[in-house]
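What follows is one structure encoded as structure tokens, with my remarks underneath.
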Amino acid sequence: MTSPSLAEFFSTMERFLVERPREPTWLVERFPGWKARPERLAIYGRFVEGHVRRVTASVYPACRELLGEERWDSLLADYYLTRPAGEDPRINGCARSFPDFLAEREDLPEWLAPLATFERAKLEVYYHPARIPLQPEHLVPNPTLEAFESSWLVCQAYARFRRGAATPPEPGDEIALLWRSPRTRFVCWRAASPRELLALKLAVEGISVEAAAAAGGVAPADVREAVAACAREGLVLAPAGEA
Amino acid sequence: MSSTTLLGAGIGLRREFFEDLLASERRPDWLEIVSENFMGVGGRSRWALEECLGRWPVIPHGVNLNIGGPDPLDEAYLEGLSELVRRTDAPFFSDHFCYSRLGGVYLHELLPLPFNEEVIAHVVPRIRAVRDRVGRPFLLENPSYYEVMPGSTLDEAEVLTRIVEEADCGLLLDVNNVYVNAQNHGYDPVAFLDRLPLERVGYVHLAGHTPEPEAIIDTHGAAVPEPVWDLFAALLERTGPVSALVEWDHDIPPLDVVLDQADRARALLTAAAPAGAES
Ligand SMILES: [Fe+2]
């Protein structure tokens with residue numbers, strides 16, 4: 001056989017593996033005289049696409065269950081063609097663009113992309129590089145916090161999925177909050193209620209309990225209790241003795 | 001420290017083992033981590049690594065260095081890797097003789113390169129550049145391959161030997177990969193070992209594989225099979241004690257099952273030590 005240059009080899013492999021899935025016989029024919037067994041080459045095509053499928057399924061289990069196996073499968077085939085692995089050398093990087101991919105499709109339930117955004121945030125929070133200060137000097141938000149607004153009640157839907165009773169999110173305005181517990185290092189999540197929003201406002205804006213109470217027309221003790229409750233869950237972090 | 005520091009018998013640190021390993025009375029001699037899983041991450045992964053670093057030597061072993069690929073070495077990746085090697089204070093670090101990225105996209109697979117002069121000339125300076133950048137000895141692992149790539153004019157043993165000698169790096173010898181490749185391509189695995197520069201072996205991988213209709217697949221999803229143990233013993237006859245690492249990445253069993261495998265490896269290392277010497 002004539003010897004292909006390394007550059008020719010790579011560009012052909014890229015077309016085989018990345019550009020779009022192709023038959024292994026196509027690859028063998030690109031190199032006249034190459035005595036390759038197509039079934040052996042098929043292993044690589046299967047593996048490379050398989051990583052994207054496996055990782056995406058593990059990051060978005062609720063989306064997968066609610067879509068059903070057949071629809072999930074054909075969706076993943078399309079997702080693979082977007083070259084999702086991208087520039088992140090970490091394996092989970094290949095699942096990162098999935099919510100954006102879903103948001104651009106018009107043939108899917110509207111709640112799917114918000115639910116996927118929630119599941120992606122859960123992963124990002126779990127691995128978030130920030131160190132969580134256990135003894136901050138003043139009230140601060142948990143540095144791993146992710147918050148996003150949606151017109152679907154994704155937190156409730158995700159909780160149902162976790163209980164083994166998955167049904168699609170219902171419509172409704174929601175701010176989903178996700179943060180890593182300083183205690184367990186696992187991810188906590190909740191749809192923001194006035195209590196969480198108040199505690200976060202104090203932590204983010206550095207407002208005193210008294211000022212917040214006066215502004216909201218409530219008793220300082222109620223504000224203090226809201227902050228303490230959120231600090232116990234790690235949503236905000238309070239100086240020693242204040243939680 | 002050199003790339004031949006003797007570490008004993010270790011296991012891969014998997015997140016399934018974090019709590020059990022830290023609580024266990026049984027102890028591997030050392031741990032290997034998949035570099036990418038600990039680069040730039042916090043939470044449980046960083047906590048577990050920090051706890052382990054106080055107890056065991058930890059060696060970063062990468063899958064996405066992409067030493068043989070067409071893209072330039074990824075500067076951000078090298079920065080993260082250097083930081084990890086410093087943080088673990090590892091005596092050496094390793095990755096595979098393969099490519100894993102095309103057109104800027106990581107494929108998360110150890111893809112086989114052709115065996116030829118152009119590949120040697122491509123890989124050798126990249127190994128040197130990586131070693132200089134990271135500042136510690138580098139070990140190159142022999143991967144499994146299911147087909148010989150087009151344009152191959154040499155064979156695997158010759159290419160591996162030429163690369164590690166010309167780059168002056170160590171060899172991470174995956175004994176399971178030698179066995180799997182020998183079975184899949186029909187050659188004698190012991191004769192293959194005899195063609196490698198065994199004095200450069202920094203450590204050894206031991207793992208399980210899965211027979212499939214088209215080939216034996218290097219799955220790391222089962223116990224080390226008897227023929228792989230036999231091949232490891234044949235290697236030790238040639239090298240004396242070397243550091244050994246049990247890889248188990250899929251269908252991960254309880255920690256004790258993996259530690260049993262490490263114990264078996266350690267027993268072979270001890271038996272291979274010259275009388276009166278410490279392994
Ligand atoms: Fe290996």
Side-chain angles (χ1 to χ4, degrees), chain A residues 1-19 24 27-28 30-44 47-48 50-52 55 83-94 125-132 143-144 180 184-187, chain B residues 18 34-48 62-66 68-71 74 76-77 80-81 99-114 116-119 121-123 145-153 184-185 212-215 217 250:
Chain A
M1 71 182 280
T2 52
S3 216
S5 70
L6 204 46
E8 285 165 331
F9 167 73
F10 285 133
S11 72
T12 308
M13 288 307 293
E14 183 173 342
R15 292 174 68 192
F16 175 61
L17 292 169
V18 184
E19 224 170 56
L27 182 61
V28 178
R30 299 281 79 67
F31 302 103
W34 186 27
K35 303 254 179 300
R37 289 154 285 191
E39 68 278 13
R40 293 279 183 96
L41 301 175
I43 295 171
Y44 291 107
F47 279 1
V48 170
H51 295 313
V52 173
V55 172
R83 296 188 180 204
E87 293 189 353
D88 189 338
R90 290 169 295 200
I91 184 84
N92 290 323
C94 67
V125 168
Y126 178 83
Y127 285 113
H128 197 294
R131 282 186 192 273
I132 302 175
T144 66
R180 191 165 70 222
T184 66
R185 303 181 188 88
F186 286 101
V187 179
Chain B
F18 286 170
V34 174
S35 311
E36 292 78 5
N37 292 352
F38 293 86
M39 281 160 59
V41 300
R44 287 181 77 233
S45 301
R46 187 170 55 205
W47 159 77
V63 293
N64 271 329
L65 180 58
N66 189 34
D71 294 345
D74 180 342
Y77 179 93
L81 178 61
Y99 66 102
S100 56
R101 180 175 142 140
L102 287 174
V105 174
Y106 282 104
L107 303 171
H108 303 292
E109 188 54 45
L110 309 172
L111 296 160
L113 291 155
N116 63 30
E117 296 288 345
E118 194 184 0
V119 165
H122 177 57
V123 170
Y145 60 99
Y146 303 113
E147 193 51 277
V148 175
M149 292 295 110
S152 294
T153 52
N184 284 338
H185 302 287
E212 299 279 351
E214 57 277 51
I217 309 289
H250 296 110

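Just so it is clear, the values below take in all heavy atoms, side chains as well, and ignore hydrogens, waters and symmetry mates. In the text below, chain A, chain B and the rest are named by the order of the sequence lines, each starting its count at 1.
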Engaged part of B:Leu110 at the chain A interface, taking heavy atoms whose separation is under 4.5 Å: backbone
Proximity breakdown for A:Phe9 and chain B, heavy-atom pairs closer than 4.5 Å: side chain
Heavy-atom pairs under 4.5 Å with chain A, option from B:Val41, B:Thr153, B:Val34, B:Asn37 with the top count: B:Val41
Pairwise distance NZ(A:Lys35) to CD(B:Glu147) - rounded to 0.5 angstrom: 11.5 Å
Distance in Å, A:Thr12 OG1 paired with B:Met149 CE, rounded so as to fall on 0.5 Å steps: 12.0 Å
A:Tyr44 and B:Tyr146 aromatic ring geometry - parallel, tilted or perpendicular at 30°/60° bounds: tilted
Under 4.5 Å from a heavy atom of chain A, the part of B:Pro213 involved: neither
Chain A contact via B:Ile217 - which portion, at a heavy-atom distance below 4.5 Å: side chain
Segment of A:Thr144 engaging chain B (4.5 angstrom heavy-atom cut-off): neither
CG on A:Asn92 to NE2 on B:His108, rounded to 0.5 Å: 8.5 Å
Spacing of A:Glu87 atom CD and B:Asp71 atom CG [to the nearest 0.5 Å]: 9.0 Å
Which atoms of B:Tyr145 approach chain A - backbone, side chain, both or neither, heavy atom under 4.5 Å: both
Minimum heavy-atom distance B:Gly40-A:Pro129, with the two atoms named: O-CB, 3.6 Å
Leading residue by heavy atom contact count with chain A [cutoff under 4.5 Å; candidates B:Gly80, B:Pro114, B:Ser100]: B:Pro114
Contacting moiety of A:His51, where chain B heavy atoms sit under 4.5 Å: side chain
A:Trp34 side-chain N/O to B:Val148 backbone N/O, donor-acceptor pair under 3.5 Å: yes
Listed partners of B:His250 passing ring pair (Phe, Tyr, Trp, His ring centres under 6.0 Å), at least two apart: none
Contact class of A:Leu6 relative to chain B, heavy atoms under 4.5 angstrom: both
Contacts of type ring pair (Phe, Tyr, Trp, His ring centres under 6.0 Å), residue A:Tyr127, not counting sequence neighbours: none
CZ-CG distance between A:Phe16 and B:Leu102, expressed to the nearest 0.5 angstrom: 11.5 Å
A:Arg131, part contacting chain B, at a heavy-atom distance under 4.5 Å: both
Test log, rule side chain to side chain contact (heavy atoms under 4.5 Å, CB included), inputs B:Arg44 and A:Phe186: CA-CA 8 Å; B:Arg44 287 181 77 233; A:Phe186 286 101; 3.4 Å; yes
Distance, nearest 0.5 Å, that separates CD of B:Glu212 from CD of A:Glu39: 13.0 Å
A:Arg40 (side chain) donor-acceptor with B:Asn184 (main chain) under 3.5 angstrom: yes
Structural part of A:Ile91 lying under 4.5 Å from a heavy atom of chain B: both
Contacting region of A:Tyr126 [heavy-atom separation from chain B under 4.5 Å]: both
For A:Leu17 against B:Tyr99, the heavy-atom pair lying closest together: CD1-OH, 4.3 Å
A:Ala130, part contacting chain B, at a heavy-atom distance under 4.5 Å: backbone
Least distance between heavy atoms, B:Gly151 atom then A:Pro4 atom: CA-CD, 3.6 Å
Nearest heavy-atom neighbours spanning B:Ala215 and A:Ile43: CB-CD1, 4.1 Å
